[in-house]
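Along the sequence shown, residues carry numbers from 1.
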Amino acid sequence: MKKIAMLVAAFATLCSGNALAQNVDLPSAGTLSTEVQFNPFDQNGEQFKLDALKFRYFLTDVDAVRLKLGLNLNNKNTVDLLEEPASDASRFDKDCYNYTKDNNENRVKSGSFSIDLGYERHLLKDGRLDIYAGAELGLEFGWTKQKGVEGYYSYDPSKFDEENANTYSFFTKETEVSGAVYDMTTNTMSNFGYTQIRAGVFTGLDFYLYKGLYVGTELGLKFKTTSYSDPEVTVTDNDPETAAKDHVKTTKWANNDSDTSLKIYIEPTIRLGWSF
């Protein structure tokens, strides 16, 4: 609350200056604007945030359409750290370490794409202040792909010799997952792909600081519903002892989870934009 009070006081002082006492040309038909979000309180280490490309185009002096395009891509590759065997360890232990080290990784690629289209009616345009209300519809898709590789060994107990590499062999097991991240240890799924539909109504205000430069905030009511994808897991077992017909197995997981919410929101950030 103290930070908010200080911000409001500073903003009021700024608005009382002679420079801001003068009017500016507010947006009119044909004006295009774009914006980023600015967080003056530095929450979670982020101040400027560009989570999507945001545009607004004025059809008339009081009617505008808005478009928001979002794209998020992630690529993560993790390798389990293994304890290196002692110098006096058996040849088998050292070979296991070397093979597993080179064939033990987990690659996850994920991302999302969103598009939101809305309409604004600008109700009050006075001096530097622009107050509006409107509605919007949005659609978002999220996806996840994973490939895990694990190193294994195989031997005949009756012929096994820790110091003779000819008595054992190594192979990999590869797990490919589409639609989620699969934990092979606990046999559980997370980070599902999804499809989200959302709709909302909102009201907001923009305060123009200088020519096309403005700050703003927004309050609204948003509905969204999310359905999650059915993951598919394909395991390729390269164990030479495994029957050929069992080398590749594909399993489809049924996922009936969904989320639906309706809530009032206020942007915790200040929208910083430019009209041209």
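Listed here is the closest heavy atom pair of Glu83 and Tyr97: O-CD1, 3.7 Å. Summarising the geometry of Cys96 relative to Tyr153, their closest heavy-atom pair is SG-CD2, 3.7 Å, with the distance given to 0.1 Å. Across all non-hydrogen atoms, the minimal contact from Thr167 to Tyr155 is O-CB, 3.4 Å. Minimum interatomic distance between Tyr194 and Thr226 (heavy atoms only, all atoms of both residues): CB-CG2, 3.8 Å. Taking each heavy atom of Leu129 and Phe207 in turn, the nearest pair found is CD1-CD1, 4.4 Å. The two atoms that bring Ala165 and Asp95 nearest to each other are CB-OD2, 4.2 Å, heavy atoms only.
Side-chain contact between Asp230 and Trp253 is absent, with no heavy-atom pair separated by less than 4.5 Å. You'll find the side chain of Thr78 reaches within 4.5 Å of the side chain of Lys76, heavy atoms only. Contact annotation: the side chain of Tyr214 never approaches that of Pro27 to less than 4.5 Å [non-hydrogen atoms, C-beta and beyond]. A 4.5 Å side-chain heavy-atom check between Ser28 and Phe58 finds every atom pair outside the cut-off. Inter-residue side-chain proximity for Val233 and Met189 is flagged as met; some heavy-atom pair is nearer than 4.5 Å. Val248 has its side chain within reach of Thr234: a pair of non-hydrogen atoms, C-beta onward, lies under 4.5 Å apart. Contact annotation: the side chain of Glu174 approaches that of Lys147 to within less than 4.5 Å [non-hydrogen atoms, C-beta and beyond].
Aromatic ring pairs are classed by plane angle as parallel below 30°, tilted from 30° to 60° and perpendicular above 60°; the pair Phe170 and Phe92 is parallel.
The number of heavy atoms from other shown groups lying within 6.0 Å of CD1 (Ile264) does not exceed 12. Counting non-hydrogen atoms of other residues, nucleotides and ligands closer than 6.0 Å to CD1 of Ile197 gives a total of 12 or fewer. Enclosure of atom NZ in Lys224 is not indicated, since only 12 or fewer non-hydrogen atoms of other residues, nucleotides or ligands lie within 6.0 angstrom. By the neighbour-count criterion of 12 heavy atoms within 6.0 Å, atom NZ of Lys109 is sparsely surrounded, having that number or fewer from other residues, nucleotides or ligands.
Remark: Arg56 does not engage Glu218 in a salt bridge, criterion side-chain N to carboxylate O under 4.0 Å. Ion pairing between a basic and an acidic side chain is recognised when a charged N comes within 4.0 Å of a carboxylate O; Lys249 and Asp237 show no such pairing.
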Review point. Please walk me through it: do Phe202 and Tyr132 pass side chain to side chain contact (heavy atoms under 4.5 Å, CB included)?
Key: CA-CA 8 Å; Phe202 54 83; Tyr132 61 89; 3.8 Å; yes
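The distance from atom CZ of Arg198 to atom CG of Leu139, rounded to the nearest 0.5 Å, is 8.0 Å. Residue Tyr182 holds its OH atom at 8.0 Å from OG1 of Thr188, rounded to the nearest 0.5 Å. Here the straight-line distance linking atom CG of Asp88 with atom NZ of Lys94 works out to 7.5 Å at 0.5 Å rounding. Summarising the geometry, atom OG belonging to Ser258 is positioned 8.5 Å from atom OH belonging to Tyr228; distances are rounded to the nearest 0.5 Å. Here the NE2 atom belonging to His122 is positioned 11.0 Å from the CD1 atom belonging to Ile131, to the nearest 0.5 angstrom. The NZ atom of Lys145 sits 13.5 Å away from atom CZ of Arg107, with the distance rounded to the nearest 0.5 Å.
Among Asn104, Asp239, Asn238, the single residue meeting the side chain to side chain donor-acceptor pair (under 3.5 Å) criterion with Thr172 is Asn238. Each of Val215, Asp130, Leu213 was scored for a side-chain contact (heavy atoms from CB on, under 4.5 Å) with Tyr208, with one residue passing: Asp130.
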